[in-house]
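See structure below.
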Amino acid sequence: MILSIESSCDDSSIAITEIETRRVIFHKKISQELEHSRYGGVVPELAARLHAKALPMILEECRSYFGSLKAIAVTTNPGLSVTLMEGIMMAKALSISLNIPIVEINHLHGHIYSLFIEKESTNFPLTVLLVSGGHTQVIEANSLTKMRVVMSTMDDSFGESFDKVAKMMGLGYPGGPVIERLARDGDRDSYPFTVPLQKRGELAFSYSGLKNAVRLAVESADKSDYADIAASFEKIATLHIMRKLKKYFKTNPPQRFAIVGGASANLYLRSQIEDLLKPYGATLHLAELKYCSDNACMIGRMAVDIFDSTKNVS
Ligand code: KG4
Ligand code: ZN
């Protein structure tokens with residue numbers, strides 16, 4: 001078995017994955033959303049202190065598996081350095097005391113592996129849209145070692161723009177689920193925000209301009225207008241991704257497309273992507289909802305493949 005640890009942002013999570021069956025044997029996650037909510041975003045120092053409390057509590061529940069562990073997997077980047085360190089220190093301590101290796105996992109690649117948990121029929125190659133709080137990327141994922149970023153954001157990310165819009169409206173953190181809910185009662189055409197980078201040909205994303213346009217709208221609106229603003233914002237934020245993907249697909253038509261990351265839970269985004277893929281006859285792959293946001297299962301699932309590949313070489 002492999003014990004995996006995730007602490008790159010505001011979720012303290014530990015999982016145990018069986019190497020042979022790739023099944024998740026144990027998983028626990030303690031989220032800090034409530035604690036960060038009143039600040040409208042994650043406060044790194046507070047997050048690190050909460051990890052220092054939560055991770056040992058979860059680990060205590062895993063003691064009975066210690067004798068069966070073959071490796072410790074841990075997210076090492078990208079993420080908040082002070083929170084990553086909490087997971088890394090725990091991994092080091094376990095590795096030394098149990099005399100087993102550490103497998104370092106890139107958090108973004110971990111999100112791609114969330115697609116395979118309890119869905120062993122899904123596999124590479126995949127064109128992946130990664131939409132999280134820190135990143136908006138399109139990745140050509142061909143294998144464990146062949147993942148190439150073909151598009152990324154120049155400033156804010158998709159999920160982050162939802163967080164910032166929610167903060168402007170005083171709706172707490174994380175903003176994604178609240179804005180999505182609010183948008184359901186709004187008119188998507190009431191605020192004609194401009195689609196980012198529409199006159200520029202480059203294959204990239206940008207959310208800072210849209211965020212500022214929404215800020216101006218919020219400042220001159222009543223609370224009763226918030227649902228319309230949220231709906232119009234969600235439409236344009238998504239349309240931006242659709243337009244850039246359409247452009248990318250002209251030279252790279254999709255066959256197997258996936259959406260991963262916390263914001264892949266967004267139903268409007270999912271439905272728009274489904275429509276976009278139809279003319280190509282491409283398949284859409286999604287992780288189980290519980291594995292979309294940060295979790296240690298995806299870290300463990302990737303670690304099993306790394307562990308297997310090194311075993312085959314030696
Ligand atoms: O992948 P994740 O859990 O953490 C990072 O690696 O950043 O993603 C969290 C992000 C937050 O910005 C959150 O607001 C966003 O995902 N998110 C959503 C939705 N659910 C979560 N954004 C839009 N719509 C949602 N339903
Ligand atoms: Zn993440």
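Values reported hereafter were calculated over all heavy atoms of this structure, with side chains retained and with hydrogens, waters and symmetry mates removed. Counting starts at 1 for both ligands and their atoms, following the listed order.
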Start with the C-alpha distance between Asp156 and Ser208, add both sets of side-chain angles, then the distance that settles side chain to side chain donor-acceptor pair (under 3.5 Å), and finish with yes or no. CA-CA 6 Å; Asp156 293 353; Ser208 63; 5.7 Å; no
For a distance under 2.8 Å, tell me if His135 has an N/O/S atom near the Zn ion (ligand 2). no
Glu234: heavy atom below 4.0 Å from ligand 1, yes or no? no
Are Ile259 and Phe205 connected in a single hydrophobic cluster, I mean Ile/Leu/Val/Met/Phe/Trp/Tyr linked by side-chain heavy atoms less than 4.5 Å apart? yes
Considering only heavy atoms of His111, which atoms of ligand 1 have at least one such atom less than 4.0 Å away? 1 (O), 6 (O)
Mind checking whether Cys292 has an N or O less than 3.5 Å away from an N or O of ligand 1? no
Subset of ligand 1 atoms that lie under 4.0 Å from at least one heavy atom of Ser293: 3 (O)
Provide the number and element of each atom of ligand 1 under 4.0 Å from a heavy atom of Gly159. 12 (O), 14 (O)
Per-atom contacts, ligand 1 versus Asp163 - under 4.0 Å to a heavy atom: 11 (C), 12 (O), 13 (C), 14 (O)
When you measure from the heavy atoms of Cys9 to every atom of ligand 1, does any distance fall below 4.0 Å? no
Do the side chain of Asp222 and the main chain of Ser224 share a donor and acceptor less than 3.5 angstrom apart? no
Between Phe26 and Tyr65, how do the two ring planes meet: parallel, tilted or perpendicular, split at 30° and 60°? tilted
Checking a contact table here: which protein heavy atom is nearest atom 1 (O) of ligand 1, and how many Å away? Gly262 N, 2.9 Å
With a 4.0 Å cut-off on N to O distance, would you call Arg215 and Glu219 a salt bridge? no
Which protein heavy atom lies closest to atom 18 (C) of ligand 1, and at what distance to 0.1 Å? Gly176 CA, 3.4 Å
So for ligand 1, is Asn266 a polar contact partner (N or O within less than 3.5 Å, distance only)? yes
Quick check on the 6.0 Å ring-centre criterion: do Phe158 and His240 meet it? no
Measure up the His107 and His111 rings against each other and bin them: parallel (under 30°), tilted (30 to 60°), perpendicular (over 60°). perpendicular
Is the shortest side-chain N to carboxylate O distance from Lys290 to Glu118 below 4.0 Å? yes
Quick note on ligand 1: atoms under 4.0 Å from a heavy atom of Gly175 include exactly 14 (O)
Can you confirm whether Tyr39 sits close enough to Tyr173 that some side-chain heavy atom of one is under 4.5 Å from a side-chain heavy atom of the other? no
Under a 3.5 Å cutoff, is there a donor and acceptor pairing between the side chains of Glu234 and Asn266? yes
What protein heavy atom sits nearest atom 26 (N) of ligand 1, and how far away is it? Glu180 OE1, 2.7 Å
Does the cation-pi check pass for Arg301 over Tyr291, that is, NZ or CZ under 6.0 Å from the six-membered ring centre and within 45° of its axis? no
Provide the number and element of each atom of ligand 1 under 4.0 Å from a heavy atom of Phe162. 23 (C)
How wide is the angle at the Zn ion (ligand 2) spanned by His111 NE2 and Asp294 OD1, rounded to 10 degrees? 100°
Is a side-chain donor-acceptor pair under 3.5 Å present for Ser13 with His27? yes
Could an N or O of ligand 1 be found under 3.5 Å from any N or O of Phe158, whether backbone or side chain? no
Could a heavy atom of His135 be found less than 4.0 Å from some atom of ligand 1? no
So if you build clusters from Ile, Leu, Val, Met, Phe, Trp, Tyr with side-chain heavy-atom gaps below 4.5 Å, do Leu80 and Leu50 land together? no
Among all protein non-hydrogen atoms, which one is nearest to atom 9 (C) of ligand 1, and what is the separation to 0.1 Å? Gly133 N, 3.7 Å
Near Gly134, which atoms of ligand 1 are under 4.0 Å from a heavy atom of that residue? 7 (O)
Closest non-hydrogen protein atom to atom 3 (O) of ligand 1, residue and atom name please, with distance? Asp294 N, 3.1 Å
Residue portion contacting ligand 1 (non-hydrogen atoms closer than 4.0 Å) for His107: side chain
Does Pro174, backbone or side chain, put an N or O under 3.5 Å from an N or O of ligand 1? no
